[in-house]
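Since the structure is predicted, the reported quantities are computational estimates derived from the model, not experimental observations. Numbered from 1 within each chain, the chains take letters A, B, ... in sequence-line order.
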Number of protein chains: 2
Amino acid sequence: MAESAALTRQEQKERTRAALLDAALELSQESGFAQISLRQVAKRAGVVPAAFYRHFASMDELGLALVERSFATLRRMIRDAQRDPDVFAHIIDAAAEVLVETVKVNKAHFAFVARERVGGSQAVREAINHELDLFVSELAVVLARLPNIENWSSDDVQMVARLFVRNMVANAEEVVEMPDGRPDLEAKIKEGARRQMRLIVLGFEKWRS
Amino acid sequence: MAESAALTRQEQKERTRAALLDAALELSQESGFAQISLRQVAKRAGVVPAAFYRHFASMDELGLALVERSFATLRRMIRDAQRDPDVFAHIIDAAAEVLVETVKVNKAHFAFVARERVGGSQAVREAINHELDLFVSELAVVLARLPNIENWSSDDVQMVARLFVRNMVANAEEVVEMPDGRPDLEAKIKEGARRQMRLIVLGFEKWRS
DNA sequence: TAGTTGAGTGAACGGGTGTTCACGGCGTGT
DNA sequence: ACACGCCGTGAACACCCGTTCACTCAACTA
């Protein structure tokens, strides 16, 4: 059975674990994580159901691991975007662009987060909302340095950050629901996101308390 | 003829149907509509599983009936609010107030819509998103008559309506997730919704194209 | 090299699932 | 007063589910 190279015990275990995570993510795209079964996941991963327990104590635990993995890619998206000088120059156009593109590439992860944020088990829901709260706070720090905002109360900044993240999530949901190979729809979503953000930013100047 | 007990055949049937709908709504509050079973619903409704089929061909069909029922209460909320002269006078404060109060009273229906909008079966999801699109269009008609908006393009008006409905849905989700008997949290959500709407409205004046 | 460890196996269990079917009983139209 | 129609019944079916157990056998360790 030695295909490529001899695998150490640890490598093999990690590989199976990853196969289980991939299988679960894949299956949950079709019907939602909450409705897939341990047996389906094991089967798709090419493993007997009992072997599942060598890696996770329950489907809930696997779900939490998936949350972590999904938010890791989300954070990477933000980090990469901040490094790009074009993004800072035309922040709104870039944000819409980056959002749609990244969601398209990591569709499975975003679909998982969007769905399970409200539809999942209690534990998974709480984990996702906690991560999103962290995300709002991170964005608030960035926003607080913008010209029109620098002397707002921190409550107000937090509010605006929530407004943005909320819309980001909603736009991500739209991209996820979007059928493949429809560049027209994609452009429409991008344009919609851009205009919504511009409208919100326009309100910045006149805001008081 | 008999005033108290005797029920006509039709009345009795409708009563069982309603019991099934109520049972499903109740159970879906605890764990989500997609994870409850036909047998659980029948049991809670006080009926044998096979009897279910006298009223619905499948759980999916029952789900669609629930979507209809839930949006009926949502529409009633808007209709009632428009009749109230106070609402037109202080439109934003009133909207936040009405939203939170109505969601609190009809928690089950809003929870159902919020969850199944993204987490439900394909058919249920599509039905809900269709209803929400109708709702956006209705709101767009109302918004188009506002002073700063009256000569916007219809695309722009639709965009703003989407922004509002999106936030309404998100705020409704928050109220639904809110534990009972926490007037402080409730006030916070209300205040957050109010400020978000004010910020968006501020952008109206300066909007072009 | 011999012994230990632990990832993966295959079978078995008890229980919940959707769906079907013949049947009983009661409101109903004749 | 009678026969019909239809809602609800209870049993049966064939599945799929999560979980357990003793097991194998290859990678590791001493």
Side-chain angles (χ1 to χ4, degrees), chain A residues 1-24 26-28 30-66 119-124, chain B residues 1-24 26-28 30-66 119-124:
Chain A
M1 305 304 168
E3 312 204 335
S4 51
L7 292 166
T8 76
R9 229 174 169 65
Q10 227 179 15
E11 281 171 340
Q12 181 52 47
K13 176 164 188 184
E14 192 110 347
R15 191 168 292 205
T16 307
R17 190 188 137 100
L20 286 168
L21 285 167
D22 287 342
E26 221 177 294
L27 286 167
S28 70
E30 293 158 21
S31 49
F33 180 78
Q35 13 273 334
I36 68 180
S37 68
L38 185 154
R39 287 177 110 102
Q40 286 176 309
V41 173
K43 188 174 202 176
R44 169 89 54 130
V47 133
V48 103
F52 181 95
Y53 294 100
R54 301 277 182 211
H55 303 272
F56 304 100
S58 62
M59 281 293 281
D60 242 52
E61 205 178 289
L62 185 151
L64 294 181
L66 232 33
S121 74
Q122 176 118 353
V124 173
Chain B
M1 201 146 271
E3 284 91 331
S4 56
L7 294 165
T8 76
R9 226 173 173 68
Q10 228 178 15
E11 280 171 340
Q12 181 53 45
K13 176 163 188 184
E14 191 110 350
R15 190 168 293 205
T16 307
R17 190 189 136 99
L20 286 167
L21 285 168
D22 287 342
E26 221 175 297
L27 286 167
S28 71
E30 294 158 23
S31 49
F33 180 77
Q35 13 273 334
I36 68 181
S37 68
L38 183 155
R39 287 177 110 105
Q40 284 176 312
V41 173
K43 188 175 202 176
R44 170 87 55 129
V47 131
V48 103
F52 181 96
Y53 294 100
R54 301 278 182 211
H55 302 272
F56 304 99
S58 64
M59 282 293 281
D60 243 50
E61 202 177 293
L62 186 151
L64 295 181
L66 273 180
S121 74
Q122 176 119 354
V124 172

ask   = Would you say Gln40(A)'s side chain and Ile36(A)'s backbone share a donor-acceptor pair under 3.5 angstrom?
value = no

Close residues, residues 47-66 of chain B, relative to DNA chain D [heavy-atom separation under 4.0 Å] = Val47(B), Val48(B), Ala50(B), Ala51(B), Arg54(B), His55(B)

In whole angstrom, what separates [X]'s [atom1] from [N]'s [atom2]?
X        : N       : atom1 : atom2 : result
Lys43(B) : dG18(C) : NZ    : P     : 13 Å
Arg15(A) : dA27(D) : CZ    : C1'   : 15 Å
Leu27(B) : dT17(C) : CG    : P     : 11 Å
Arg39(A) : dT17(C) : CZ    : P     : 16 Å
Gln35(B) : dG18(D) : CD    : P     : 13 Å
Leu20(B) : dC7(D)  : CG    : C1'   : 12 Å
Lys13(B) : dC7(D)  : NZ    : P     : 4 Å

ask   = What is the nucleic acid contact for Glu14(B), judged by heavy atoms within less than 4.0 Å: base, sugar-phosphate only, or nothing?
value = nothing

Spatial distance of atom [atom1] ([X]) from atom [atom2] ([Y]) [nearest 0.5 Å]:
X        : Y        : atom1 : atom2 : value
His55(A) : Lys13(A) : NE2   : NZ    : 6.0 Å
Leu38(B) : Phe56(B) : CG    : CZ    : 10.5 Å
Met59(B) : Leu66(B) : CE    : CG    : 8.5 Å
Gln12(A) : Glu14(A) : CD    : CD    : 11.0 Å

note = Between Gln35(A) and Gly119(B), the two heavy atoms sitting closest are NE2-O, 3.7 Å

ask   = Which one, dG8(D), dT17(C), dT28(C), comes nearest to the side chain of Gln12(B)?
value =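 Within the option list, the nearest is dG8(D).
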
inquiry  = A side-chain contact here means heavy atoms from C-beta on lying under 4.5 Å apart; do Arg39(A) and Phe52(A) qualify?
reply    = no

task = Using heavy atoms to find the nearest nucleotide of DNA chain D for Thr16(B) and Leu38(A) separately, return the residue whose nucleotide is more 5′.
result =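 Going by which nucleotide is closer to the 5' end, it is Thr16(B).
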
ask   = Quick one: is dC16(D) close enough that its OP1 or OP2 comes under 4.0 Å of any side-chain N or O from Ser37(A)?
value = no

request  = Compare side-chain N and O positions of Thr8(A) against OP1 and OP2 of dA27(D) and report whether any pair is under 4.0 Å apart.
outcome  =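 It does not, given that no N or O in the side chain of Thr8(A) lies less than 4.0 Å from OP1 or OP2 of dA27(D).
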
ask   = Taking N and O atoms by type only, does the side chain of Arg9(B) place a donor or acceptor under 3.5 Å from a partner on the base of dC6(D)?
value = yes

